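Report on the structure given below.
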Amino acid sequence: MTGDKRDLWMWSAHRISAMVMAPLVLVHLATMIAAVQGGLTAAEILERTRGSVVWAVVYLLFVVAASVHGAVGLRTVAREATRWRGVGLDLAALGIATLFIYLGGRAVLGVVL
Amino acid sequence: MIGPARRHAPYWAFVTQRVSGVALALFLPAHLWVLGLALEGEAALDGFLRWTDQPMVKLAEVGLVVLLAVHMLGGLRILSVEFLPWRDWQRTLIALSGAGALGAGALFLLNVF
């Protein structure tokens, strides 16, 4: 795949992940604002998420979308701010996305199991 | 002559999008790692949450809420500019993004303390 084609895929992934995340971010913000009322405890968080298929799906989707979006976004910033280009940069972005998905997957498992 | 970029609101919207995005990308791995503490049991997560009870941490969290909201609202503006036919109301989205982000931050601030 040429660099230009990769750029187009990256841009598409960035915009699609943004569209997926918009409602998820609203849910996340509303949940946070409600959850911090009266203090935040692990018990309160886990009571909501443990054993919940719905929260598992929502957060997994959030993790994948945020990982793709963040990795591509950081790649864009690197291209704008530095001279880094090409396959090396794209592989670094892939590495960041993989790291985020790994950490996010652990986080979802942690609160859902 | 158009003049220096910094005299234009869309320039500051661009800067805000980049800065908030990088800040959120730096915060995200820490956030996911903390939630992953739940894998070690409720007490591990709770131990960390006790640390977040401090006023300075809560203020930092308000900042994070503002960053997330401004990035999302700014992103929705970008999506509308890129995917919808241009309309004059899209110029107002910059101010609305700022206002919305501060509103979200205020809501969180009122509930976290």
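A quick note: this is a predicted structure, and the numbers were derived from the prediction, not measured.
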Could you look at [X] and say if it's the side chain, the backbone, both or neither that has a heavy atom under 4.5 Å from chain B?
X	value
Leu74(A)	side chain
Thr76(A)	side chain
Leu46(A)	side chain
Leu103(A)	both

**OP:** Indicate the ring-plane relationship of Trp51(B) and Phe48(B), choosing parallel, tilted or perpendicular according to the 30° and 60° boundaries.
**Re:** tilted
Subject >> Parallel, tilted or perpendicular: rings of His28(A) and Phe62(A) (30°, 60°) >> reply: perpendicular
Given a strict heavy-atom distance threshold of 4.5 Å, which part of [X] is in contact with chain A: side chain, backbone, both, or neither?
X	value
Leu28(B)	side chain
Glu82(B)	side chain
Phe113(B)	neither
Leu79(B)	side chain

**OP:** Sort out for me which of Leu73(B), Leu45(B), Leu76(B), Leu49(B) touches chain A most, counting heavy-atom pairs under 4.5 Å.
**Re:** Leu49(B)
**OP:** Quick one: which of Gly47(B), Gly41(B), Pro29(B), Gly21(B) has the most heavy-atom pairs under 4.5 Å with chain A, could you say?
**Re:** Pro29(B)
**OP:** To the nearest 0.5 angstrom, please state how far the CD1 atom of Ile45(A) sits from the CG atom of Leu35(B).
**Re:** 6.5 Å
**OP:** Could you check Leu110(B), Val112(B), Asn111(B) and say which one makes a side-chain contact (heavy atoms from CB on, under 4.5 Å) with Gln37(A)?
**Re:** Asn111(B)
Original post:
Within the side chain of Trp86(B), is there an N or O that forms a donor-acceptor pair under 3.5 Å with the backbone of Val81(B)?
Top reply: no
Original post:
Within the side chain of His69(A), is there an N or O that forms a donor-acceptor pair under 3.5 Å with the backbone of His14(A)?
Top reply: yes
Original post:
Are any of the side-chain nitrogens in Arg79(A) or Asp7(A) under 4.0 Å away from the carboxylate oxygens of its partner?
Top reply: yes
